[in-house]
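Only one structure is covered here, and it is reproduced in the block below.
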Amino acid sequence: PSTRHGCHDRHACNMDSYGLIVILGPGVSMCLGSAFALSLRIPDKLQACAQNFSAGLLISAVAGELYPLMSPPNLDHMSCSLAISAGFACALAFMFALEHLTESNDGEGEDEGNSASCRASLSVPMLEGDEEARALSGFCALADRLKADVRRLKESVGVGQRDEIDARVHEILTSVHQADRQLSLTGPLSERDLSRMKFHCDELTKQGEALSCKSTLSEQRHALKLFAGTLEHIHEHAERKRFLRWKPMPLPPEDFSELKGSKIPWTLVASVTADGAVDGLLVGLAYAASPGAGLAMSIATCVEMGFLGLSFCATISNATRSALSRAALVMMPPMALVLLGMIGTAAGDALEENPAVFVGFIGFSIVCLLFLVTQELLAEAREVAGENAIINTTLFIGLLSGIMIGKFVG
């Protein structure tokens with residue numbers, strides 16, 4: 001019989017105790033993260049190490065375990081190429097759609113610090129009654145300012161001075177951002193963002209000292225580019241509106257009872273549950289394909305899901321006073337993860353006789369994993385690590401660990 005993806009090795013694809021542990025691990029990790037959400041605060045540097053380590057494990061699983069499975073001996077090159085392309089296309093569409101759900105482009109804030117902002121919806125906040133009146137009342141003055149800014153811009157365009165026009169445009173953008181926050185009743189900046197902004201301001205001071213007319217033109221261009229990049233990054237912190245699994249919200253305020261009622265962020269619940277389901281499906285498929293890949297992905301997903309549990313539970317705790325609602329909602333993603341993990345393992349076994357579909361699923365898995373690695377794990381870890389050699393080395397420790405897991409388990 002065929003052994004192209006390990007289904008007939010000593011770790012069979014049926015749900016034995018080993019496979020059950022592999023699949024249950026990430027779900028348990030997310031439950032633990034949720035349990036500690038109201039008391040645990042992970043240091044940024046330790047968090048960056050965990051992100052790099054997870055990324056290394058996932059890269060190892062993709063390169064060492066999943067990539068070879070996309071060339072089965074019983075499938076011709078044309079069918080294999082079409083299956084891989086279909087899997088890649090579906091994965092890209094799915095991941096960008098999931099990212100769209102967890103990132104607002106229409107004025108949603110992180111919402112931390114007052115009753116309007118504690119709901120943490122991933123869509124534009126639905127304001128009602130007094131809140132809507134308060135938002136519109138403050139917006140009227142900003143709308144008048146925008147109109148006046150446009151009149152001044154037209155005058156500057158008439159003069160034709162580039163620097164003056166640029167200054168006017170940036171003034172209008174500032175007013176637009178203020179108006180956007182007013183319509184959403186966005187709360188104050190989080191402590192974490194303020195801490196990171198102070199760190200980057202120190203960087204900006206050092207980079208400003210490098211700006212000097214005493215060096216060469218190319219050196220000054222490079223120094224100015226670094227300075228502008230840091231400044232833009234500070235601006236991103238000021239405007240950040242995205243739910244991030246690695247960045248929990250602050251604890252609910254002591255006067256949390258003042259909230260008038262539960263405002264469940266259903267878009268957030270749906271997207272996080274879908275995220276957990278996809279992660280479970282990938283772990284299950286990876287385990288069906290290769291026990292080593294399944295274990296590596298399970299370990300990396302445990303780290304990811306632990307932090308997601310922290311962020312998700314903290315957000316839900318800021319959204320509802322009901323302990324029963326909080327418990328039910330925070331259990332949805334880990335339950336979806338375990339259920340889809342079992343389905344993924346069973347599907348991998350069933351698809352043994354249909355190599356084209358199996359290869360398509362593997363292509364789908366690879367894109368989802370690399371999307372997570374490049375768009376979240378490495379990007380967010382780099383923000384904290386900078387040039388820190390120890391933190392950056394954890395990426396390669398994770399890579400080495402994944403290789404060792406493949407050697408001893410695969």
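All values below were derived from every heavy atom in this structure, side-chain atoms included, with hydrogens, water molecules and symmetry-related copies excluded.
With sequence neighbours excluded, the residues that form a ring-ring contact (aromatic ring centres under 6.0 Å, His included) with F371 are F96. For S218, the side-chain hydrogen bond (donor to acceptor under 3.5 Å, both in side chains) partners are T216, not counting sequence neighbours. Under the side-chain hydrogen bond (donor to acceptor under 3.5 Å, both in side chains) criterion, D166 pairs with H170, sequence neighbours left out. Residues satisfying the side-chain hydrogen bond (donor to acceptor under 3.5 Å, both in side chains) criterion with S401, sequence neighbours excluded, are absent altogether. Every residue two or more places apart in sequence or in another chain that forms a salt bridge (Lys or Arg N to Asp or Glu O under 4.0 Å) with E171 is listed here: R168.
Considering H200, K206, Q207 in turn, Q207 is the only one that fulfils the side chain to side chain donor-acceptor pair (under 3.5 Å) rule with T230.
Taking OG of S365 as the reference point, atom CG of L282 lies at 4.5 Å (rounded to 0.5 Å). With rounding to the nearest 0.5 angstrom, the CD1 atom of I23 is 8.0 Å from the OH atom of Y287. Remark: M30 CE to C313 SG distance equals 9.0 Å, nearest 0.5 Å. Distance CZ/F53 to CG/L46: 12.0 Å, rounded to 0.5 Å. In this structure, the separation between SG on C368 and CG on L285 is 10.0 Å, given to the nearest 0.5 Å. To the nearest 0.5 Å, atom CG of residue L58 and atom OG1 of residue T301 are 6.0 Å apart.
Counting all heavy atoms, side chain and backbone alike, C80 lies closest to S71 at SG-CA, 4.3 Å. When all heavy atoms are compared, the tightest approach of G25 to C302 is C-SG, 3.3 Å. For the residue pair E164 and S156, the shortest heavy atom distance occurs at OE2-OG, 3.0 Å. Nearest heavy-atom pair, A48 versus A381, reported as atom, atom and distance to 0.1 Å: O-CB, 3.7 Å. Nearest heavy-atom pair, A356 versus A83, reported as atom, atom and distance to 0.1 Å: O-CB, 3.2 Å. Here the closest non-hydrogen pair linking P334 and G27 is CB-O, 3.6 Å.
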Stepwise side chain to side chain contact (heavy atoms under 4.5 Å, CB included) check, L400 with F396: CA-CA 6 Å; L400 177 62; F396 302 96; over 6 Å; no

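Contacts classified as side-chain hydrogen bond (donor to acceptor under 3.5 Å, both in side chains) and involving residues 76-91 (residues at least two apart or in different chains) are given here: D76-S79.
Counting only heavy atoms from C-beta outward, the side chains of V278 and F94 approach each other to under 4.5 Å. F312 places a side-chain heavy atom less than 4.5 Å from the side chain of V269. L226 is not listed as a side-chain neighbour of E203, based on a closest heavy-atom distance of 4.5 Å or more. Inter-residue side-chain proximity for Q178 and R145 is flagged as met; some heavy-atom pair is nearer than 4.5 Å. A 4.5 Å side-chain heavy-atom check between M331 and C31 finds at least one atom pair inside the cut-off. You'll find the side chain of N392 reaches within 4.5 Å of the side chain of N52, heavy atoms only. P26 is not listed as a side-chain neighbour of D279, based on a closest heavy-atom distance of 4.5 Å or more. Contact annotation: the side chain of L142 never approaches that of L146 to less than 4.5 Å [non-hydrogen atoms, C-beta and beyond].
Judged purely by atom type and a 3.5 angstrom limit, S298 uses its side chain to pair as donor or acceptor with the backbone of V22. Although no hydrogens or angles enter the test, the distance criterion places a donor-acceptor pair under 3.5 Å between the side chain of T374 and the main chain of L370. The backbone N or O of I391 sits less than 3.5 Å from a side-chain atom of T394, completing a donor-acceptor pair.
By the neighbour-count criterion of 12 heavy atoms within 6.0 Å, atom CE of M335 is sparsely surrounded, having that number or fewer from other residues, nucleotides or ligands.
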